[in-house]
Amino acid sequence: MADTAVVAAKTKSMTIGEGGTALALTALAFVSLVVAAKAYTPEYALHAYLFTAASAAAVIAIVNRYYERAAALPPLTIDGKPNYNMGPVKFATIAAVVWGIAGFTVGLWAALELAFPAFNLDLPWFSFGRIRPLHTSAVIFAFGGNVLIATSFYVVQRTCRARLVGDIAPWFVVLGYNFFIVIAGTGYLLGITQSKEYAEPEWYSDLWLTVVWVVYLLVYLGTVMRRTEPHIYVANWFYLAFILTIAVLHLGNNAAVPVSLFSSKSYIVWSGVQDAMVQWWYGHNAVGFFLTAGFLGIMYYFIPKRADRPVYSYRLSIIHFWALIFLYIWAGPHHLHYTALPDWAQTLGMTFSIMLWMPSWGGMINGIMTLSGAWDKLRTDPVLRMMVVSVAFYGMATFEGPMMSVKAVNSLSHYTDWTIGHVHSGALGWVGYISFGAIYCLVPWVWNRKLYSMRLVNWHFWISTIGIVLYITAMWVSGIMQGLMWRAYTALGFLEYSFVETVQAMHPFYEIRALGGALYLTGALLMAWNIWKTLRTPALEAAPTRAFAMTPAE
């Protein structure tokens, strides 16, 4: 036995991934330490020290892992079956729950600040201008991003029947992405921002995310190419579109020139109306590909899997994919109606936005009709009910969005709370509910445990649904009232209401919004408790067999 261990130790060597990653992170730690010493501001120095500490910790972890692991890397198959790598999936799933609670809490705090300004505590770190981007990034990129990474790594392995490509790479994606979230979030509180909607992190954060995202694409694409299943299931097409398009959007919108290596400040290469156009080409397609295409990948796998039914129409899913991909990319200019953007560009954005209604509803119909023959499960399975309701919210939001892009409607809705109501009907109802459903599925499947309490899932569903209804209806009423008051004139041609009067009229609705947000957060806390109790229960003796026949491509 001892001789075997000696032979294994002699034959073991570092892989290219282990050695290359360790060397790269060592260099990053050294450069970050130099930057920290010469940084122009203490806030930037803090981030440089964080990069140093994280890089050094990662190098130590890689070296320790090398000495502790067996001579050979984990096999691709065991007894002829794929040896799935679920470690990164587990980490990203738990990170999603943690970041979700944090993001919803900050969102509630921001809503309370708007209703009761004393909540900013007269401290710069808690001012609305800093915690608002903290909220949006936490719920979109921290919560939503981790859900997408967890589900995509799970789905691509199961549908391709292949282990994730790379040994260190999947962990680099998960840990590197979450480190980016830490840098971005602390940066907002410290006042480090480039002031671009959904793209607030400064140049060094963007560079780090670019490296992480390229590795993410390579891992995902490599796993698809390694597949033993000849057919590429449609969910993988949506995930690939999300990963690839977000990379292009990120590079284009964040093209910037830093003031110095020792300064956190940079200047975007675009200026004026060109910057606005690039920003909303990015901003709208961040919604279109991060918050839509990626989560449609979740819908196309988890709803059929949970319902034990094949996708209603595979042909419709392919039409949905290509129509969505082609049309979404052109819709960004509708955010710039009645601005300096040329009128033809505004009209182009409006036209493509209206055309988007058709493929979006095609996808909604495909998701809901997948339950054909299994509608009774909505009464007994609150997880499936949550995911199906999310698809209904997707349909509602993708009807309201094209409607609001019409110039006549936009003249009333733009810059009002109606937009906030629209965004949150999609965010809380579509993205939130499909994410919750995926988490409720992943935890029992990946950890091989029975979910602690379906009754808690039911409570989560109803409490958060009431919260969503309160939130979006309050913002709809507030926004339409706000727009009407802004453009009301007296008989003499003067504005009938001052700005302060509109703010005063909106105050009750801001209180209702805060209540709705509190209910939504309460539901998420119930989920966190349910997940915690599930993980503390003993594992099942054998993994449950889940028969699921995928429809071949037509």
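Keep in mind that the numbers below use all heavy atoms, side chains included, and drop hydrogens, waters and symmetry copies.
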Which atom pairs, one a donor and one an acceptor, fall under 3.5 Å between side chains of residues 138-147 and the rest of the protein, sequence neighbours left out?
{"from": "Asn146", "atom 1": "OD1", "to": "Asn178", "atom 2": "ND2", "distance (Å)": "3.0"}
{"from": "Asn146", "atom 1": "ND2", "to": "Ala142", "atom 2": "O", "distance (Å)": "2.7"}
{"from": "Asn146", "atom 1": "ND2", "to": "Asn178", "atom 2": "OD1", "distance (Å)": "3.1"}

- Salt-bridge test for Lys407 and Asp343: reply yes if a basic N is under 4.0 Å from a carboxylate O, no otherwise. yes
- Distance-only polar pair, side chains of Glu400 and Trp418, donor-acceptor under 3.5 Å: yes
- Mind telling me whether Phe399 and Trp361 have parallel, tilted or perpendicular rings, with 30° and 60° as the class edges? tilted
- Query: Do other residues, nucleotides or ligands put more than 12 heavy atoms under 6.0 Å from the CH2 atom of Trp486?
  - Reply: yes
- Task: Check the surroundings of atom CD in Gln504: do more than 12 heavy atoms from other residues, nucleotides or ligands lie under 6.0 Å from it?
- Result: no
- Parallel, tilted or perpendicular: rings of Phe179 and Phe51 (30°, 60°): perpendicular
- May I ask you to test the Gln194-Asp206 pair for a side-chain heavy-atom distance under 4.5 Å? yes
- Task: Say whether, by atom type as modelled, one donor and one acceptor occur between the side chain of Thr52 and the main chain of Ala48 under 3.5 angstrom.
- Result: yes
- Evaluate the criterion side-chain hydrogen bond (donor to acceptor under 3.5 Å, both in side chains) for residue pair Ser464 and Tyr433; output intermediate values, then yes/no. CA-CA 9 Å; Ser464 56; Tyr433 270 11; 2.7 Å; yes
- Query: Within the side chain of Thr416, is there an N or O that forms a donor-acceptor pair under 3.5 Å with the backbone of Gly483?
  - Reply: no
- Task: Tell me, please, which residues at least two apart from Arg132 pass salt bridge (charged side-chain N to carboxylate O under 4.0 Å, His left out).
- Result: Glu197
- Can the ring centroids of Phe242 and Phe295 be said to lie less than 6.0 angstrom from one another? no
- Message: Distance alone, cut at 3.5 Å: any donor-acceptor contact between the side chains of Tyr338 and His414?
- Response: no
- Message: Does any part of the side chain of Leu209, heavy atoms only, come nearer than 4.5 Å to the side chain of Pro201, both counted from C-beta?
- Response: no
- Test item: side-chain donor near acceptor, Tyr239 and Thr151, under 3.5 Å: yes
- Item | Flag for His250-Tyr282: side-chain donor and acceptor within less than 3.5 Å | no
- Query: In chain order, what residues pass the ring-ring contact (aromatic ring centres under 6.0 Å, His included) check against Tyr520, with sequence neighbours excluded?
  - Reply: Phe104, Phe436
- All salt bridge (charged side-chain N to carboxylate O under 4.0 Å, His left out) counterparts of Asp381, not counting sequence neighbours: Arg306
- Task: In plain terms, say whether Asp417 and Arg513 are close enough for a salt bridge, that is, a side-chain N and a carboxylate O under 4.0 Å apart.
- Result: no
- Strictly by modelled atom types, are Tyr440 and Asn530 linked by a side-chain donor-acceptor pair under 3.5 Å? no
- Query: Any chance the side chains of Glu200 and Ser195 put a donor and an acceptor closer than 3.5 Å?
  - Reply: no
- Message: Once rounded to the nearest 0.5 Å, what's the spacing between atom CG of Leu525 and atom CD1 of Ile463?
- Response: 10.0 Å
- Mark yes when over 12 heavy atoms from residues, nucleotides or ligands other than Phe262 sit less than 6.0 Å from its CZ; otherwise mark no. yes
- Query: Ring centroid separation for Trp430 and Tyr394, is it under 6.0 angstrom?
  - Reply: yes
- Query: His424 vs Tyr471 aromatic rings, parallel, tilted or perpendicular, using cut-offs 30° and 60°?
  - Reply: parallel
- Item | Spacing of His47 atom NE2 and Leu190 atom CG [to the nearest 0.5 Å] | 5.5 Å
- Message: Return the CG to CD distance between Leu112 and Glu511, rounded to the nearest 0.5 Å.
- Response: 10.0 Å
- Message: Counting only heavy atoms not in Trp208 (residues, nucleotides, ligands), do more than 12 fall under 6.0 Å from its CH2?
- Response: yes
- Query: Is the closest side-chain heavy-atom distance between Met396 and Ile472 below 4.5 Å?
  - Reply: yes
- Item | Listed partners of Lys38 passing salt bridge (charged side-chain N to carboxylate O under 4.0 Å, His left out), at least two apart | none
- Message: Under a 3.5 Å threshold, yes or no: a donor from one side chain and an acceptor from the other, between His337 and Ser411?
- Response: no
- Message: Parallel, tilted or perpendicular, judged at 30° and 60°: which one describes the rings of Trp213 and Tyr177?
- Response: tilted
- Item | Verdict with supporting geometry, Ser137 and Tyr188, side-chain hydrogen bond (donor to acceptor under 3.5 Å, both in side chains) | CA-CA 10 Å; Ser137 289; Tyr188 302 151; 2.8 Å; yes
- Query: Between the side chain of Ser127 and the main-chain N/O of Pro124, is any donor-acceptor distance below 3.5 Å?
  - Reply: yes
- Note on the structure: Sequence neighbours excluded, the answer for salt bridge (charged side-chain N to carboxylate O under 4.0 Å, His left out) partners of Asp122 is none
- Item | Within 45° cone and under 6.0 Å: Lys196 NZ/CZ vs Tyr198 ring | no
- Task: Quick one: sort the Phe238 and Phe321 rings into parallel, tilted or perpendicular, breaks at 30° and 60°.
- Result: perpendicular
- Task: May I ask you to check whether Tyr328 and His284 place their ring centres under 6.0 Å from each other?
- Result: yes
- Between Leu412 and Arg487, is any pair of side-chain heavy atoms under 4.5 Å apart? yes
- Message: Checking side-chain polar atoms at under 3.5 Å, does Ser264 have a donor or acceptor matched by the opposite partner on Tyr40?
- Response: no
- Between atom OG of Ser205 and atom CD1 of Ile181, what is the distance when rounded to the nearest 0.5 Å? 10.0 Å
- Query: Taking C-beta and beyond as the side chain, do Asn285 and Trp280 meet within less than 4.5 Å on heavy atoms?
  - Reply: no
- Quick one: OH on Tyr204 to OG on Ser266, what's the gap to the nearest 0.5 Å? 9.5 Å
